[in-house]
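What follows is one structure encoded as structure tokens, with my remarks underneath.
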Amino acid sequence: MDILELKPVFKDYIWGGTRLRDDFNLECDLDPVAEGWMLACHKDGKNTIVGGELDGKTLEEVIENQGKIKVVGTRAEAFPYFPVLIKLIDAKDNLSIQVHPDNDYAQRVEHEFGKTEIWYVLDAADDATLIYGFNEKISSEDFRKAIEENTLMDVLNVVKVKKGDLFFIEAGTVHAIGKGALIAEIQQNSNSTYRVYDYGRVGKDGKPRELHIDKAVDVSVTEPAKYDIKPFGEAKEINGGVSQLLTECDLFTVNHYDVKTKIELEADETSFNHILVVDGSGMINDKPLRKGSSFFVPANFGKYEISGECEIIVTNI
């Protein structure tokens with residue numbers, strides 16, 4: 001099977017902006033454009049194939065027809081679902097303060113898996129911040145009280161961010177992206193989110209957006225936040241560019257490449273590769289790529305080339 005170009009799925013959440021359309025030239029009629037789901041096999045959004053003999057089919061259909069292990073890789077045997085969901089997120093305004101459940105809770109209550117994720121900051125306004133956990137240890141009762149008394153911001157850990165920062169957000173960590181941040185998010189394939197606080201905003205129906213306080217209190221880790229905003233690995237010169245390990249865990253491995261001329265990568269039998277182009281242009285083998293392109297390289301494809309001058313994020317299992 002050839003390398004597949006994917007059409008994103010877009011979401012128009014109220015906090016979104018226009019950068020995915022204006023800066024990434026992604027075709028979308030939504031306003032605002034909050035998220036682009038760049039790799040998605042989820043009930044709430046499924047990528048379709050662009051071009052070639054599989055044009056118009058969903059990636060999920062391709063996997064079902066050709067076989068999970070063949071397309072996704074042998075490591076997919078450890079997952080009863082497609083393993084990851086990858087997004088571009090444009091926060092023109094603050095996202096709601098929220099938390100995601102772990103696998104056990106999510107399977108029991110939501111009938112899907114939990115959500116651990118990473119944020120890689122692609123760009124950030126000078127005053128952009130993120131919320132990451134608590135600034136002190138509190139009890140679940142005090143957490144609930146802070147929500148009810150509108151003093152939650154007093155106990156949360158607010159972090160100033162800049163381009164190139166990376167946050168590893170385990171399930172159970174209270175968090176939020178702040179306005180002015182442009183984020184690449186790699187996460188477990190789940191959409192279970194418990195909203196804790198939403199700044200008093202209303203949705204398109206004119207009503208306050210739903211909060212999920214009981215569930216959030218159930219799943220949140222209320223210890224002080226422990227985090228490191230640096231990628232896991234140091235940037236290093238390779239033939240044709242610069243590589244950097246962003247993160248590695250039992251769910252996914254993510255690398256960043258700054259391609260100067262041409263680099264060679266490989267998708268072996270263990271895992272697919274997903275290529276997200278976050279800047280520049282070039283080619284992936286004989287296919288043109290540009291900022292905002294999303295490509296799925298099937299497992300066991302073998303070696304392939306990225307050429308040109310571009311910045312890419314490569315995810316595998």
Is there side-chain contact between [X] and [Y], with at least one heavy-atom pair below 4.5 Å?
X	Y	result
F301	F296	no
L182	F24	yes
Y13	E35	yes
L88	I183	no
L6	V50	no
N300	D268	no

If you count the non-hydrogen atoms of other residues, nucleotides and ligands that lie under 6.0 Å from [atom1] in [X], is the total more than 12?
X	atom1	result
K57	NZ	no
K145	NZ	no
E309	CD	no
D154	CG	yes
K11	NZ	yes

Under a 4.0 Å threshold between the charged nitrogen and the carboxylate oxygen, would [Y] count as salt-bridged to [X]?
X	Y	value
D2	K287	yes
R19	D123	yes
D126	K162	no
K303	E266	no
D198	R209	yes

Short question: side chain of [X], backbone of [Y] - any donor-acceptor pair under 3.5 Å?
X	Y	answer
N316	S271	no
N47	A40	yes
T58	E61	yes
S220	A216	yes
N285	Y304	no
D165	K230	no
D205	K207	yes
R195	E210	yes
T253	E248	no
T116	A171	yes

Hey, can you tell me if [X] and [Y] have their rings parallel, tilted or perpendicular (30° and 60° cut-offs)?
X	Y	value
H42	W37	perpendicular
H100	H175	tilted
F134	F143	perpendicular
Y81	F79	perpendicular

Should [X] and [Y] be regarded as members of a common hydrophobic cluster, given that ILVMFWY residues are connected when their side-chain heavy atoms come within less than 4.5 Å of each other, either directly or indirectly?
X	Y	result
L54	M38	yes
V277	I238	yes
V259	L245	no
L122	I89	no
V159	I118	no

- [ ] Check the pair M1, L4 against side-chain contact (heavy atoms from CB on, under 4.5 Å), reporting the backbone distance first and the verdict last.
- [x] CA-CA 8 Å; M1 190 171 73; L4 304 176; 4.0 Å; yes
Could you measure the distance from the [atom1] atom of [X] to the [atom2] atom of [Y]? Nearest 0.5 Å is fine.
X	Y	atom1	atom2	value
R21	D31	CZ	CG	5.5 Å
F295	I284	CZ	CD1	6.0 Å
I313	I86	CD1	CD1	8.5 Å
L276	L39	CG	CG	9.5 Å
K291	D279	NZ	CG	5.0 Å
T193	N191	OG1	CG	5.5 Å

Looking at every non-hydrogen atom in both residues, tell me the closest pair between [X] and [Y] and how far apart they are.
X	Y	value
A128	A181	CB-N, 4.4 Å
V121	A124	CG1-CB, 4.0 Å
I317	L251	CD1-O, 3.6 Å
A146	V155	CB-CG2, 4.4 Å
I169	T173	CG2-CB, 3.9 Å
F232	L166	CE1-CD2, 4.4 Å

TODO: Any chance you could lay out the side-chain hydrogen bond (donor to acceptor under 3.5 Å, both in side chains) test for E305 and S307, step after step, and finish with the verdict?
DONE: CA-CA 6 Å; E305 293 181 343; S307 58; 5.9 Å; no
TODO: Please step through side-chain hydrogen bond (donor to acceptor under 3.5 Å, both in side chains) for the pair Q187 and K87, ending with a clear verdict.
DONE: CA-CA 8 Å; Q187 59 161 90; K87 303 175 182 177; 3.2 Å; yes
Do you see a donor-acceptor pair shorter than 3.5 Å between the side chains of [X] and [Y]?
X	Y	answer
E112	S192	yes
Y194	E110	yes
Q188	N103	yes
N157	N135	no

Open item on the list: Is the distance from the ring center of F168 to that of Y132 below 6.0 Å?
Closed with: no
Task: Ring center gap for Y120 and H256 short of 6.0 angstrom - done: yes
Open item on the list: The test is side-chain contact (heavy atoms from CB on, under 4.5 Å); show your working for E117 and I186 and say whether it passes.
Closed with: CA-CA 6 Å; E117 61 195 12; I186 294 92; over 6 Å; no
